[in-house]
Amino acid sequence: MGVLYLGALILFSGCMLLLDRRFRLFFWRDALSATIVTVVGFVFFLVWDVAGIAGGIFFRGEATIATGIVLAPELPIEEPVFLLFLVLCTMILYTGAVRILAHLGARREAQERRP
């Protein structure tokens with residue numbers, strides 16, 4: 001049971017990538033830009049976490065669903081995987097929302113042009 005959270009994060013990341021591939025939202029639309037955004041977002045949040053840990057704000061909680069493996073004091077292995085999932089999920093939701101809103105706007109314009 002110690003790898004449940006890590007496994008879930010990896011599974012859900014895979015599901016997000018399948019949605020991305022199906023609708024060509026992020027990586028399958030522009031792989032270079034998506035990689036840059038993902039790396040910058042990941043590094044930003046990882047630095048944020050390290051600063052919070054150094055400042056005594058963030059602590060590693062004890063959970064039975066976590067592996068217990070730490071990369072640094074108070075930084076479990078699940079945290080970087082979660083940060084990657086967070087960036088990936090955010091960008092896929094954002095690009096999907098932009099596409100939906102653009103489609104709705106185009107449909108509304110087409111209806112307004114009808115006599």
Side-chain angles (χ1 to χ4, degrees):
M1 183 124 157
V3 295
L4 188 62
Y5 180 51
L6 183 60
L9 286 173
I10 293 169
L11 175 70
F12 296 142
S13 294
C15 291
M16 293 304 293
L17 288 171
L18 286 173
L19 282 172
D20 180 21
R21 182 170 186 256
R22 166 63 178 91
F23 296 104
R24 303 179 67 79
L25 297 169
F26 189 46
F27 277 103
W28 273 268
R29 183 173 179 194
D30 184 356
L32 179 61
S33 296
T35 301
I36 291 169
V37 168
T38 302
V39 169
V40 169
F42 172 75
V43 169
F44 172 79
F45 285 120
L46 191 59
V47 168
W48 181 307
D49 273 3
V50 170
I53 290 167
I57 299 169
F58 298 153
F59 298 99
R60 180 178 70 111
E62 295 298 325
T64 58
I65 62 170
T67 61
I69 300 170
V70 291
L71 301 174
E74 304 298 330
L75 185 65
I77 194 168
E78 292 87 1
E79 188 65 17
V81 177
F82 169 75
L83 296 176
L84 279 173
F85 172 72
L86 176 68
V87 173
L88 179 66
C89 188
T90 300
M91 292 311 302
I92 290 172
L93 287 173
Y94 171 77
T95 53
V98 167
R99 182 175 293 175
I100 289 169
L101 292 174
H103 176 74
L104 292 175
R107 199 163 88 179
R108 186 179 314 127
E109 286 180 15
Q111 288 176 347
E112 289 174 356
R113 281 190 245 149
R114 288 185 190 168

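Cluster membership check: Val70 does not share its hydrophobic cluster with Leu75, using side-chain heavy-atom separations under 4.5 Å among Ile, Leu, Val, Met, Phe, Trp and Tyr. Taken together through direct or relayed side-chain contacts under 4.5 Å among Ile, Leu, Val, Met, Phe, Trp and Tyr, Val40 and Val87 form parts of separate hydrophobic clusters. The cluster map of Ile, Leu, Val, Met, Phe, Trp and Tyr, joined by side-chain heavy atoms under 4.5 Å apart, puts Leu11 and Leu6 in the same cluster. Linking ILVMFWY side-chain heavy atoms closer than 4.5 Å, directly or via other members, places Phe23 and Val37 in a single hydrophobic cluster. Under the 4.5 Å side-chain heavy-atom criterion for grouping Ile, Leu, Val, Met, Phe, Trp and Tyr, Val3 is not connected to Ile65 through any hydrophobic cluster.
Ring-plane geometry between Phe82 and Phe85 is classed as tilted, the angle between the planes lying from 30 to 60 degrees on a 0 to 90 degree scale.
The CG atom of Leu86 sits 10.0 Å away from the OG atom of Ser13 when rounded to the nearest 0.5 Å. Going from atom CG of Leu17 over to atom CZ of Phe12 covers 13.5 Å, rounded to the nearest 0.5 Å. For the atom pair CG (Leu88) and CG (Leu83), the distance works out to 12.5 Å, reported to the nearest 0.5 Å. Considering OH of Tyr5 and CD1 of Ile77, their distance stands at 12.5 Å, rounded to 0.5 Å. Distance check, rounded to the nearest 0.5 Å: OG1 of Thr64 to CG of Leu4 gives 8.5 Å. Note: Leu84 CG to Cys89 SG = 12.5 Å, rounded to the nearest 0.5 Å.
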**OP:** Apply side chain to side chain contact (heavy atoms under 4.5 Å, CB included) to Met16 and Leu19, showing your working.
**Re:** CA-CA 5 Å; Met16 293 304 293; Leu19 282 172; 4.3 Å; yes
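For residues 29-43, every residue pair satisfying the side-chain hydrogen bond (donor to acceptor under 3.5 Å, both in side chains) rule, not counting sequence neighbours, is listed here: Asp30-Ser33. Within the structure, side-chain hydrogen bond (donor to acceptor under 3.5 Å, both in side chains) contacts touching residues 94-112 (residues at least two apart or in different chains) do not occur.
In plain terms, the two heavy atoms of Leu25 and Asp20 that are nearest each other are N-OD1, 3.1 Å. The shortest non-hydrogen separation linking Glu78 to Leu9 is O-CD1, 3.7 Å. Across every non-hydrogen atom of Pro73 and Ile53, the tightest pair is O-CG2, 3.6 Å. Minimum interatomic distance between Ala34 and Phe27 (heavy atoms only, all atoms of both residues): CB-CD2, 3.5 Å.
Side-chain atoms of Glu74 do not come within 3.5 Å of backbone N or O of Phe59 as any donor-acceptor pair.
Heavy-atom contacts from other residues, nucleotides or ligands closer than 6.0 Å to CH2 of Trp28 number more than 12.
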